[in-house]
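Scroll down for the structure; my scribbles are underneath it.
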Amino acid sequence: MRVVIAGQGYVGLPLAVRAAEVGHRVVGYDVDERRIKRLAVGESYVEDIPAERLRPLLENGSYLPSAEPSDVAEFDVAVITVPTPLRDGVPDLSYIEASAALLAQHLRPGATVVLESTTYPGTTEELLAPLLEQGSGLTVGRDFHLGYSPERIDPGNPTWRLENTPKVVSGIDPASLAAVEGFYGGLIDRTVPVSSCKEAELTKLLENTFRHVNIALVNELAMFAHDLGIDVWEAIDAASTKPFGYLRFTPGPGVGGHCLPIDPSYLSWRVERALGQSFRFVELANDVNSHMPDYVVRRLAEALNERQRSVKGSRVLLLGLAYKKNTGDARETPAARVAELLVRMGAEVRAADPHVVVGVHVPEPVIPGQRAAEHDPHGDPFAAVHRVEASPQELAAADAVVLLADHDDFDYGAITAHARYVLDCRRRLAGGAAVEVL
């Protein structure tokens, strides 16, 4: 089939590559021309898709990256995998709306459209369906199929990949469900059909809210345990030996990516708008997790004070700018807030991350040397941070080292050997006088 994947990010690119590998003719559409130019020459900015997988598909013509709207014409299946950010606490569905307007121009009888972008329950039926109908003159359910299938991409996970992670699928009617399940059934080992798009939309939000709330629990517990002089990590290890009724979650410097900082708020917003009630668990988790970077900086300031130094004028080396280990995914990363606070307090901030590349994983600064993120939400949040390698010289020169993302590429022996003080936010380092665990 001719397949269009609208959006070539962490969700859309793996899906496009997988669809091409199983034999479909795939157009990977994205409005970001810089991305398209990289993909066109076989350069991947997503760790899960190495160049070795991408280039053969380009050479045989089964995958076409494009920023040209006319290239989406005559599709049999179109999947929308575009961002759904929050703007001042309100869901921004403009990327979905723009994708719908484009696809509607080329929608043909018998075609299938699937939404994968995370959103609130009701989006597929109440927003996407009318836009497709208005733009095409066709009727959903009668002339074309429509469904929702939440993405479950976990960047950098070598065990659970797109093809072996069960895929929840739904449709606005039985025929649409059959079409959606038929498409994904050829890509993924197991599909999980649900009765309607709203259940599928809620499934995604439930998964992420579950993680968000439990991470907030251990984050707040870590703060209290530190003040009480208790090793929360040892308690977590002990609790994890229970073979039932407990799942392991660990503290950290905050949450990042699209899933946790944003997705649960979609559910909270929908509940507030539709029912006039607050979703207290989500709001509390948002409050705890969003303030973890502030807590990290406070702990760092206390440690420097104990060493008769102030944050102002201190040289601080941040290790890991991604929101999770072994990936370049810097979306909503807590490292950005940590860096911002330290720069604002007068610290000389340096950062090392072998995965997060300027111009690939974070945008180029709007104006060289300027804090782009303060002027452009799409700018580089680390524009005021000097990027370095985690060399023995950099480690030794820093007044403090903060481990934010525990990439396997870091030399942890060198860190403990050369750093004068380390705030380990991931409990990756062996204990020692110079290492303090979050």
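These numbers come from the heavy atoms of this one structure, side chains and all, not from hydrogens, waters or symmetry mates. From a predicted model like this one, the values you see are computed outputs, not experimental measurements.
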Q. What is the distance from atom OH of Tyr148 to atom CD of Glu116, rounded to the nearest 0.5 Å?
A. 8.0 Å
(Q) Go through it in stages, so that I can follow the logic: the residues are Glu59 and Arg55, the test is salt bridge (charged side-chain N to carboxylate O under 4.0 Å, His left out), and I'd like the CA-CA distance, side-chain angles, deciding distance and then a yes or no. (A) CA-CA 6 Å; Glu59 292 170 0; Arg55 287 172 182 163; over 6 Å; no
Q: Could you tell me whether a side-chain N or O of His291 sits under 3.5 Å from a main-chain N or O of Asp287, the two making a donor and an acceptor?
A: yes
**Q.** salt_bridge(Glu163, Arg53) N-O dist < 4.0 Å
**A.** no
Q.
Pair Val296, Leu438 - check side chain to side chain contact (heavy atoms under 4.5 Å, CB included), show working.
A. CA-CA 8 Å; Val296 168; Leu438 186 67; 4.1 Å; yes
**Q.** Tyr10/Glu47 under side chain to side chain contact (heavy atoms under 4.5 Å, CB included): CA gap, chis, key distance, verdict
**A.** CA-CA 9 Å; Tyr10 284 92; Glu47 290 84 354; 4.0 Å; yes
Q. How far apart are the C-alpha atoms of Glu201 and Lys198, what are their side-chain angles, what is the distance that settles it, and do they pass the salt bridge (charged side-chain N to carboxylate O under 4.0 Å, His left out) test?
A. CA-CA 5 Å; Glu201 291 161 337; Lys198 290 181 180 179; over 6 Å; no
Q: Please name the pair of heavy atoms, one in Ile236 and one in Tyr246, separated by the smallest distance, quoted to 0.1 Å.
A: CG2-OH, 4.1 Å
Q) Which distance, rounded to the nearest 0.5 Å, do you find between the CZ of Arg337 and the CG of Leu342? A) 10.5 Å
Q: For the residue pair Val4 and His106, establish whether any side-chain heavy-atom pair is separated by less than 4.5 Å.
A: no
Q: Please step through side chain to side chain contact (heavy atoms under 4.5 Å, CB included) for the pair Glu151 and Lys204, ending with a clear verdict.
A: CA-CA 8 Å; Glu151 60 89 4; Lys204 175 63 174 177; 3.3 Å; yes
Q. So, do Tyr95 and Pro85 sit near enough that their side-chain heavy atoms are less than 4.5 Å apart?
A. yes
(Q) For a 4.5 angstrom cut-off between non-hydrogen side-chain atoms, does Thr416 reach Val422? (A) no
Q. Just wondering, do Leu247 and Asn214 contact through their side chains at under 4.5 Å, heavy atoms?
A. no
(Q) Taking Pro166's backbone N and O only, do any of them form a donor-acceptor pair with Arg152's side chain (distance below 3.5 Å, no angle check)? (A) yes
Q) Is the number of heavy atoms from other residues, nucleotides or ligands within 6.0 Å of CD (Glu33) greater than 12? A) no
Q: Might you point out which heavy atoms bring Arg428 and Leu403 nearest each other, and give the distance in Å?
A: CB-CD2, 3.7 Å
Q. Would you say the side-chain atoms of Asn164 pair up with the backbone N or O of Arg161, donor to acceptor, closer than 3.5 Å?
A. yes
(Q) Contact between Tyr184 and Val79 at the side-chain level, heavy atoms closer than 4.5 Å - yes or no? (A) yes
Q. If every non-hydrogen atom of Glu436 is compared with every non-hydrogen atom of Arg299, which pair is closest and at what distance?
A. OE2-NH2, 3.1 Å
(Q) Once you measure the plane-to-plane angle for Phe410 and His407, does it fall in the parallel (<30°), tilted (30-60°) or perpendicular (>60°) bin? (A) tilted
Q) Where does the angle between the aromatic ring planes of His226 and Tyr295 fall among parallel (under 30°), tilted (30 to 60°) and perpendicular (over 60°)? A) perpendicular
Q.
Looking at Asn289 and His212, would you say the former's side chain and the latter's main chain have a donor-acceptor pair under 3.5 Å?
A. yes
Q | Given Arg309, Arg307, Arg315, the one that forms salt bridge (charged side-chain N to carboxylate O under 4.0 Å, His left out) with Asp399 | A | Arg309
Q.
Nearest 0.5 angstrom please: Arg427 CZ to Asp406 CG, how far?
A. 12.0 Å
Q) Which heavy-atom pair separates Glu389 from Glu394 by the least distance, and what is that distance? A) O-CG, 3.4 Å
Q) What's the shortest heavy-atom distance between Thr81 and Gly7, and which atoms? A) OG1-O, 2.9 Å
Q) Could you go step by step and tell me if His355 and Asp329 meet the side chain to side chain donor-acceptor pair (under 3.5 Å) rule? A) CA-CA 8 Å; His355 295 278; Asp329 195 344; over 6 Å; no
Q: Report yes if the side chains of Leu93 and Tyr120 come closer than 4.5 Å at any heavy-atom pair, otherwise no.
A: yes
Q | Polar side-chain atom of Asp409 near backbone of Pro354 as donor-acceptor pair, under 3.5 Å | A | no
Q: Check whether any side-chain heavy atom of Leu103 lies under 4.5 Å from a side-chain heavy atom of Phe75, and answer yes or no.
A: yes
Q) Would a 4.5 Å heavy-atom cut-off, applied to side chains only, mark Pro155 and Val46 as touching? A) no
Q) Once you round to the nearest 0.5 Å, how far does CG of Leu15 lie from CG of Leu187? A) 6.5 Å
Q.
Using only atom types and a distance under 3.5 Å, with no angle test, would you say the side chain of Arg248 pairs donor to acceptor with the backbone of Ser240?
A. no
Q.
Side chains of Glu68 and Ser70: any donor to acceptor distance under 3.5 Å?
A. yes
Q. Between CG of Leu64 and CG of Leu39, what distance do you get to the nearest 0.5 Å?
A. 10.5 Å
Q: Take Ile188 and Thr165 through the test side chain to side chain contact (heavy atoms under 4.5 Å, CB included) and record every step on the way to the result.
A: CA-CA 7 Å; Ile188 293 164; Thr165 300; over 6 Å; no
Q. What do you reckon, is CZ of Phe249 surrounded by more than 12 foreign heavy atoms closer than 6.0 Å?
A. yes
Q) Do the side chain of Asp408 and the main chain of Asn326 share a donor and acceptor less than 3.5 angstrom apart? A) no
Q) So, does Thr333 use its side chain to make a donor-acceptor pair with the main chain of Gly256 at under 3.5 Å? A) no
Q. Hey, is Arg280 close enough to Glu283 for a salt bridge, meaning N to O under 4.0 Å?
A. no
(Q) What's the separation between atom OG1 in Thr119 and atom CD1 in Ile80, rounded to the nearest 0.5 Å? (A) 11.0 Å
Q: Without swapping roles, check the side chain of Asp154 against the backbone of Asn157 for a donor-acceptor pair under 3.5 Å.
A: no
Q: List the atom of Ala51, the atom of Pro56, and the distance in Å for their closest heavy-atom pair.
A: O-CD, 4.3 Å
Q. Is the side chain of Ser66 donor-acceptor paired with the backbone N or O of Asp71 at a distance under 3.5 Å, no angle test?
A. no
